[in-house]
Structure formats: C-alpha cells, structure tokens
Amino acid sequence: MYSYGVLLLQMFTGRRPTDEEFEDGLDLHQFCKIALHKGVMKIIDPHVLEHEEEANDDHRDIHVLELYCKFGLIDDARRLFDGMSERNVFSWTSIMGLYCGLGDYEETIRLFYCMVDRGVRPDHFVFPKVFKACSVFSELSVRDVVIWNSIISACAHNEQGVTALNLLREMVKSKVQPNMVTIVSILPACARLAALQQGKEIHQFIIRNGLDAFNLVIDLYGRCGLVKIARRIFDLMPQRDIVSWNTMIAGYGMHGFGMDAVNLFRRLQCTDLKPNHFTFTSLLSACSHAGLTDEGWKYFKMMKSEYDLDPAIEQYACLVDLLARAGQFEESMEFIKEMPFQPNAVIWGSILGACRIHLNPELAEQAASFLFELEPQNSGNYILLANIYSAVGRWEEAAKVRCLMKERGVSKPPGCSWIAVKRRIHSFIVGDASHPLIEEISCKVESLYSEIKEIGYVPETNFVLQDVEDDEKENSLCGHSEKLAIAFGLISTPSGTPLRIIKNLRVCGDCHSATKFISKVTNREIIMRDCFRFHHFVDGVCSCGDYW
DNA sequence: ATAGGGTTAG
C-alpha cells in the first residue's frame, strides 16, 4: 500500500519520504485515478513509481501500466508491458487501448491475436478496442450497452458520424436502451453533420428519459442553424451552468448575431456565475464576426479588470481578428508584436482572411509565408493567397502559388455542400452531375441566374482562378456545390420554407453574393454553414454583413 | 479496473 502523503511528496519534491512521512491513505490505484484526473503526470518522474521497492502489491504494475497508457506514454508503457512476467487480461486491455487510442489499429489487432495465442481469454472489455480496430462487430453474439457505446463513440470521434447514427438505429432495434454515454457521443456528431431530424429525435429521447444533456441540445440546434430554438431551450432549462451560457453565446456568435451575444453576456453578468475563458472567446469571436470593434475592445479589457482573467492566446486571436476584419492592419500588427505569445496559425490565418476582405496582397504575403511554415499542408491558405492575387489581377503570382501547392503535394479538397430533405441528405460536389435530378437542378440554376441578374447581380468572376474568358468563368461558377444545393432545395421543398445548406469549405465570394440575391427573388430564408460560421440570407442581406 | 461530455479563436 502506498500512502497519499508519500506520493504527494514525490510529486512535488522529487525526494524520497522519511519513515515518519509514511501515513495511511490512498492506495496506488486511487492515486493513479487522482493523477489522471488532475493531469499531473508531467510533474511526477514516471520512473519513480516503477522503482518503488515495495512490490508486494500484485496489481502495482498493472496500475502503472494503465497510467502510462492513459497518458499515451507509449515507450514507457511498452517497456513495462514487454518486461512483465505475468500478463493478465487487464494488462492486455490497457496496452491495446493505448494503441487503439493512438489510431494504430494494426498493432491493436496484432496484440489481440498475441493475447489469444497465449491463452488469455478476451472478455467484454477487450472487444470494444478490437471493434475500433476492425469491423468484426457483426460477428459478436453478446452485445451489451458498453459495446454499442464503444463502437458508436469510436465512429463519432473519427468523423464517421453517419455510421454512428446508423449504429444507433440498430442498437435501438436490437432492444438495447441508449444511455447518457450514448447521448454524449451521438449528439455532437449530429451537431457536426447538422443532422437536424435525428438530433430532434434524440432530443425527444432525452426529455422522455429525464436525462440532463441540455447544453448539448443547445449546441445541436445552434449548429443546425436554429438559434431561436436553441434560445428557447436555454430559457426553459431547469438549471443553467456557465457552459450553458457559453454555448448560447457561441451560438449567437457563429451566426453573426453579435448584439444578441453581447446582450446575453450582460444578462450573465447579473447572475452569480463567473464568466471564464470560454465565455470571452465566444463573446469576442461574436463581436469580431459582427464587426463590433468597440465592444470587443471593451470586453477584452474587462477580462482582467473585472474578472481577473489573464487573456490567453485564444482571446488575443479574437482581438487580432476583430482589428484586422475592421481593416485596422497597423493596429493588429502592433497588437501581435506586443502580445505575450508567439503568433500561431490561427492568428496569421485571421490576418490572411482579413487581407482577402480588404484586398491587401502585401500583408497577405507576409501572413501566408508564416502560415506556409506553420501548417504547410493546409490547402486553404494557398487558395486564399491565390484568390487575393487573382482578385487584384496578379494572375502570374496566383499561378505561382498554385504551383507551389503542387510541388509540396498539397491537395485541395473539392467543395462539397449538402442539404437534408425529408430525412435524406443530398450532397453535391463541385461540377458534379451524378444527382438523379441534375437536369432540373441545372435548369433551376440557369433561371435563377437570369432572375438575379435582372435585379443587379454581377458574377464575381475574380473568384475563378483560371485566367480564362469571362463566359467560361461564369460557367464554372454555376457548378459550385452551394449553388447546386440551393437549386435542389428550391425545387424539392414547398415555397417559403427556409433552406439549410452545409458546406465543407469557406463559402465562395460569388456564391455569397448570388445567394443574397436568390434569397430576395425567391423570398426564402437561406441558412448556410461553411467551415467557419453561419450565413443567414434574408431578403437580399446576409447576417455576416459581408464581413467574413 | 475497462463505454463518456460540454465551447474555444481563422
């Protein structure tokens, strides 16, 4: 038995305790739990635990192994595991969990076969790891809630949201009742996919079973574009903690409703809850998206003055974004120089994005050169710089950036937009003709074009990279995935219903402009989520104020 | 003892 005092002493001083310092207290297992919970592994010498001489606790190595595995200390874990004379099912499970968590599925499976080879019988706790690693799920006869949760969670965390939803349906069909763990895995997946229908059903389930997951539900509706519903749930929920407020403020922010975020924050100030870093990140980002420069400054200063919070790099980044979007480039560069952090990719990304709004190719070059160092594989940066060059007519330089991309083997994911109609998700890839209704969709795009041109739309052909004839540029714009999704939405839903479109990349400038006009001529609300934020198009105006 | 959170910044 190890005493809590001994371990604390080792953690904080690194010296061995004297005899008097031994006390009864927590055992090693409990200590490991505390260490995991507090994330203090870094300040313990990991080898102290192993070199502890009192090895009469049979479970000691297993506990230490578990600790290493949970912290991802692969070398330490492997050394300990390989040197163990007796490996029971717990040690195998821990080490498999480590490789599985790191995404090394081959090693996970190899270990599984090793284990079986050595006559260790796998139990219910081993299989979830194996399932993550291979899809032998259907071969298992006993499927309890833990196994279902495990595979659903694995899918949800690995961008396999659709699979996760399908598995949930099967789970319910096979009469296994989802629980809170299922919900916390699946709801964020619905939010990411904007799978509104499925999300609503899970919301119903939460209510029926009296589960407490309202913060997730608020986030779900926010990310699906239904901010008002999110707010209603926020207002009606029995208990609001700081996360509820943060989530709601963030919801307003990502939709461009800056003043709603500010007003909600003011109400938060009247409660007993104390705003934290997340609160300010959401609030400042909301100010920045809505162009509320003065408010942004005010709340940034308020962090320290009223709440004694030192702004972290996230909040500095929001301020940089705020200034740069407002076109105050000198101030933002000055601010970067003076902040107590090394500027990271997000900060340079803000500058580069603002350079696209204000067409500043010189500063864009600077920001891009840092970004190419910091995240050489992020295609968005190359595209943005090339677009800025194109927009000011510097075609050769735009071409050069595209060459650079090719040289470095950076590939641009194709633009993809999707829309849910009657429980089905219809997705469109740029220039894609595979949809069964593609004829009608193309017709619709053409007729929309002539309608919106009549009321003043001018194609923004400078968003087309190729230096080609204008006709051709316009043609290529027509094939953009967001336009296809809008046209499909218009022909397949009753007039007057809002359209909710999701896009994988940043919305294109021409599509943004065209959608404003489309919302006017069709009298539809069009809600578009791109990879950064929402755009609400109503009657020819976008909630981003063309400020994105 | 083993399934699991919430929201960060472009």
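Side chains included, hydrogens not; waters and symmetry mates left out as well; all remaining heavy atoms used. Protein chains get the first letters and strands the later ones, always in sequence-line order, with residue 1 at the start of each.
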Practice task
Determine whether any donor atom in the side chain of A:Glu314 lies under 3.5 Å from an acceptor atom in the base of B:dG10, or the reverse, and answer yes or no.
Solution key: no
Exercise for the section: Examine the base of B:dG6 for any acceptor or donor lying under 3.5 Å from a partner atom in the side chain of A:Asn246, and report the outcome as yes or no. Expected result: no
When you get a sec, tell me which of [options] is the closest nucleotide to the side chain of [X]?
{"X": "A:Val346", "options": "B:dA9, B:dG6, B:dG4", "answer": "B:dA9"}
{"X": "A:Met180", "options": "B:dG6, B:dG5, B:dT7", "answer": "B:dG5"}
{"X": "A:Thr247", "options": "B:dT8, B:dT7, B:dA9", "answer": "B:dT7"}
{"X": "A:Ala317", "options": "B:dT7, B:dA9, B:dG10", "answer": "B:dA9"}
{"X": "A:Phe278", "options": "B:dT8, B:dG10, B:dG4", "answer": "B:dT8"}
{"X": "A:Thr281", "options": "B:dA3, B:dT8, B:dG4", "answer": "B:dT8"}
{"X": "A:Asp241", "options": "B:dG10, B:dG4, B:dG6", "answer": "B:dG6"}

Rounded to whole angstrom units, what separation is found between the [atom1] atom of [X] and the [atom2] atom of [N]?
{"X": "A:Arg121", "N": "B:dT2", "atom1": "CZ", "atom2": "P", "result": "21 Å"}
{"X": "A:Leu384", "N": "B:dG10", "atom1": "CG", "atom2": "C1'", "result": "9 Å"}
{"X": "A:Trp92", "N": "B:dT2", "atom1": "CH2", "atom2": "P", "result": "21 Å"}
{"X": "A:Met96", "N": "B:dA3", "atom1": "CE", "atom2": "C1'", "result": "15 Å"}
{"X": "A:Met254", "N": "B:dT8", "atom1": "CE", "atom2": "C1'", "result": "11 Å"}
{"X": "A:Phe234", "N": "B:dG6", "atom1": "CZ", "atom2": "P", "result": "19 Å"}
{"X": "A:Trp148", "N": "B:dA3", "atom1": "CH2", "atom2": "C1'", "result": "14 Å"}
{"X": "A:Arg223", "N": "B:dG6", "atom1": "CZ", "atom2": "C1'", "result": "11 Å"}

Problem - Aromatic ring proximity, centroids under 6.0 angstrom, A:Trp92 and A:Phe112 - result: no
Handout entry: Close aromatic pair by centroid cut-off 6.0 Å: A:Phe300 and A:Phe335
Key = yes
Exercise for the section: Mind checking side chain to side chain donor-acceptor pair (under 3.5 Å) for A:Thr163 and listing every partner two or more places apart, or none if nothing turns up? Expected result: none
Problem - With sequence neighbours excluded, residues passing side chain to side chain donor-acceptor pair (under 3.5 Å) with A:Tyr299 - result: none
Exercise for the section: Residues of residues 326-338 of chain A with any non-hydrogen atom less than 4.0 angstrom from an atom of DNA chain B: list those, numerically ordered, please. Expected result: none
Practice task
May I ask you to say whether A:Arg110 pairs ionically with A:Glu107, meaning some side-chain N is under 4.0 Å from a carboxylate O?
Solution key: yes
Handout entry: Residues A:Lys298, A:Asp294: salt bridge by 4.0 Å N-O rule
Key = no
Reckon [X] touches a base, only the sugar-phosphate, or nothing at all at heavy-atom distances under 4.0 Å?
{"X": "A:Asp219", "answer": "sugar-phosphate"}
{"X": "A:Asn381", "answer": "base"}
{"X": "A:Ile313", "answer": "base"}
{"X": "A:Ala312", "answer": "nothing"}
{"X": "A:Leu322", "answer": "nothing"}

Exercise for the section: Look at the rings of A:Tyr307 and A:Phe280 and say which category their plane angle falls in: under 30° parallel, 30 to 60° tilted, over 60° perpendicular. Expected result: tilted
Practice task
Just say parallel, tilted or perpendicular for the rings of A:Phe257 and A:His255, cut-offs at 30° and 60°.
Solution key: parallel
Exercise for the section: Would you indicate, yes or no, if B:dG4 has its OP1 or OP2 atom less than 4.0 angstrom from a side-chain nitrogen or oxygen of A:Ser153? Expected result: yes
Practice task
Establish, with yes or no, whether the OP1 or OP2 oxygen of B:dA9 is under 4.0 angstrom from a side-chain nitrogen or oxygen of A:His277.
Solution key: no
Practice task
Using the six-membered ring of A:Phe234, assess whether NZ or CZ of A:Arg240 lies under 6.0 Å from its centre and within 45 degrees of the ring axis.
Solution key: yes
